[in-house]
Amino acid sequence: MIPNLISLSRIILILPIIFCMIINNINLAFFIFLVASFTDFLDGYLARYLNQESLIGANLDLLADKIFICSLLIFVSFHFDNFTFLVMTILIVARELSIGNIRQYYLETKKINKAKVNFLGKFKTFFQIFSLGTAIIFLDSDYSSIVEIIIVIAAILSWLSLLNYTNVKN
């Protein structure tokens, strides 16, 4: 129960992050972003520690990741009016929607083991979160080209993860 509430908190924290960015309090937005990002580790850790792992909890964690990452990617793209970031956001969101449908297929066809997340998927999520954090801090600065490189790498990792997931699982 507690791990699931922590996963839900990641979704709820999207609004304060966006609000802080709108009022130009980037430091507070980044702090809240860090707290929300930490919940991605904390919910899984507590689920294992409290012996509360469940299929619904694992899926809620994945859903919270997708909502958190995709919502903030879209907002950041428009907030900072950055075309490169927007194109990479479209690629990442397309990947996230695709993987959700593939997982749903595996679950419906009773191939639950094929629906599990692998290391590349976890690393991809970490890198997406890292790219969002750098964007919040640096996209509106002299370092915006570095942020653009980081988001391009995140998009490439996202699609490599999708290809790996579909090739390994079939």
Side-chain angles (χ1 to χ4, degrees), residues 1-50 52 57-100 117 119-162:
M1 180 71 173
I2 292 172
N4 292 348
L5 292 174
I6 293 171
S7 293
L8 288 173
S9 75
R10 190 159 52 256
I11 297 170
I12 293 166
L13 289 172
I14 294 168
L15 293 177
I17 294 167
I18 290 173
F19 178 74
C20 288
M21 290 178 71
I22 289 171
I23 64 170
N24 207 27
N25 191 338
I26 299 301
N27 291 334
L28 184 56
F30 184 69
F31 175 76
I32 297 169
F33 173 82
L34 288 177
V35 170
S37 298
F38 182 68
T39 67
D40 188 28
F41 161 77
L42 188 61
D43 58 5
Y45 173 79
L46 284 178
R48 287 184 294 280
Y49 181 78
L50 299 173
Q52 294 181 353
N59 284 312
L60 180 60
D61 177 48
L62 290 172
L63 181 63
D65 286 346
K66 289 177 186 348
I67 293 172
F68 180 71
I69 289 168
C70 292
S71 298
L72 288 176
L73 281 171
I74 292 167
F75 176 78
V76 166
S77 297
F78 288 103
H79 182 71
F80 292 114
D81 194 24
N82 186 292
F83 182 74
T84 302
F85 203 90
L86 175 62
V87 171
M88 296 305 111
T89 292
I90 291 168
L91 290 173
I92 292 170
V93 170
R95 182 266 182 211
E96 298 303 330
L97 291 172
S98 299
I99 202 73
V117 179
F119 174 77
L120 184 58
K122 290 181 181 189
F123 181 71
K124 174 266 322 166
T125 301
F126 166 80
F127 204 83
Q128 287 174 344
I129 290 171
F130 173 74
S131 67
L132 266 168
T134 59
I136 290 170
I137 296 293
F138 297 114
L139 196 56
D140 196 26
S141 74
D142 293 337
Y143 302 106
S144 63
S145 17
I146 294 171
V147 174
E148 290 173 356
I149 291 168
I150 291 170
I151 193 65
V152 167
I153 294 169
I156 291 169
L157 283 172
S158 296
W159 278 86
L160 286 175
S161 168
L162 176 66

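Residues: numbered from 1 along the sequence shown. Just so we're clear, the structure is a prediction, and the values are computed from it rather than from any experiment. Below, each value reflects all heavy atoms present in this structure, side chains not excepted, and no hydrogens, waters or symmetry copies.
If you take CD1 on Ile149 and OH on Tyr143, they are separated by 14.0 Å, rounding to the nearest 0.5 Å. Interatomic distance, Leu46 CG to Leu5 CG, rounded to the nearest 0.5 Å: 11.0 Å. In this structure, Leu62 CG and Ser7 OG are separated by 9.0 Å, a value rounded to the nearest 0.5 Å. Annotation: the span from Leu50 atom CG to Tyr45 atom OH amounts to 9.0 Å, rounded to 0.5 Å. Rounding to the nearest 0.5 Å places CZ of Phe68 at 10.5 Å from CD1 of Ile11. Residue Leu97 holds its CG atom at 9.0 Å from NZ of Lys66, rounded to the nearest 0.5 Å.
Listed here is the closest heavy atom pair of Ala155 and Met88: CB-SD, 3.7 Å. Ile6 and Ser9 make their closest contact through O-OG, 2.5 Å (heavy atoms, listed as atom of the first residue, atom of the second, distance).
Side chains of Ile151 and Ile92 form a contact here, defined as non-hydrogen atoms less than 4.5 Å apart.
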Output side-chain donor-acceptor pairs under 3.5 Å for residues 71-85, partner residues at least two apart or in another chain, one line each.
residue: Ser71; atom: OG; partner: Ile67; partner atom: O; Å: 2.7
residue: Ser77; atom: OG; partner: Leu73; partner atom: O; Å: 2.7
residue: Ser77; atom: OG; partner: Thr89; partner atom: OG1; Å: 2.9
residue: His79; atom: NE2; partner: Met21; partner atom: O; Å: 3.4
residue: Asn82; atom: OD1; partner: Thr84; partner atom: N; Å: 3.2
residue: Asn82; atom: OD1; partner: Phe85; partner atom: N; Å: 2.8
residue: Asn82; atom: ND2; partner: Glu148; partner atom: OE2; Å: 2.8

Would you list the atom pairs, donor with acceptor, under 3.5 Å between side chains in residues 131-139 and any protein atom, with sequence neighbours excluded?
residue: Ser131; atom: OG; partner: Phe127; partner atom: O; Å: 3.4
residue: Ser131; atom: OG; partner: Gln128; partner atom: O; Å: 2.7
residue: Thr134; atom: OG1; partner: Phe130; partner atom: O; Å: 3.4
residue: Thr134; atom: OG1; partner: Ser131; partner atom: O; Å: 2.9

Side-chain atoms of residues 28-40: list all donor-acceptor pairs with protein atoms under 3.5 Å, sequence neighbours left out, distances to 0.1 Å.
residue: Ser37; atom: OG; partner: Phe33; partner atom: O; Å: 2.8
residue: Thr39; atom: OG1; partner: Arg10; partner atom: NH1; Å: 3.0
residue: Thr39; atom: OG1; partner: Ala36; partner atom: O; Å: 2.4

- request: May I have the step-by-step check of side chain to side chain contact (heavy atoms under 4.5 Å, CB included) for Ile17 and Leu15, ending in yes or no?
  value: CA-CA 5 Å; Ile17 294 167; Leu15 293 177; over 6 Å; no
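With hydrogens and angles left out, the side-chain atoms of Asp65 and Thr125 include no donor and acceptor closer than 3.5 Å.
Arg95 places no side-chain N or O within 3.5 Å of a backbone atom of Trp159 that could act as its donor or acceptor partner. Side chain of Ser98 to main chain of Ala94: a donor-acceptor pair is present (N/O by atom type, distance under 3.5 Å, no hydrogens or angles).
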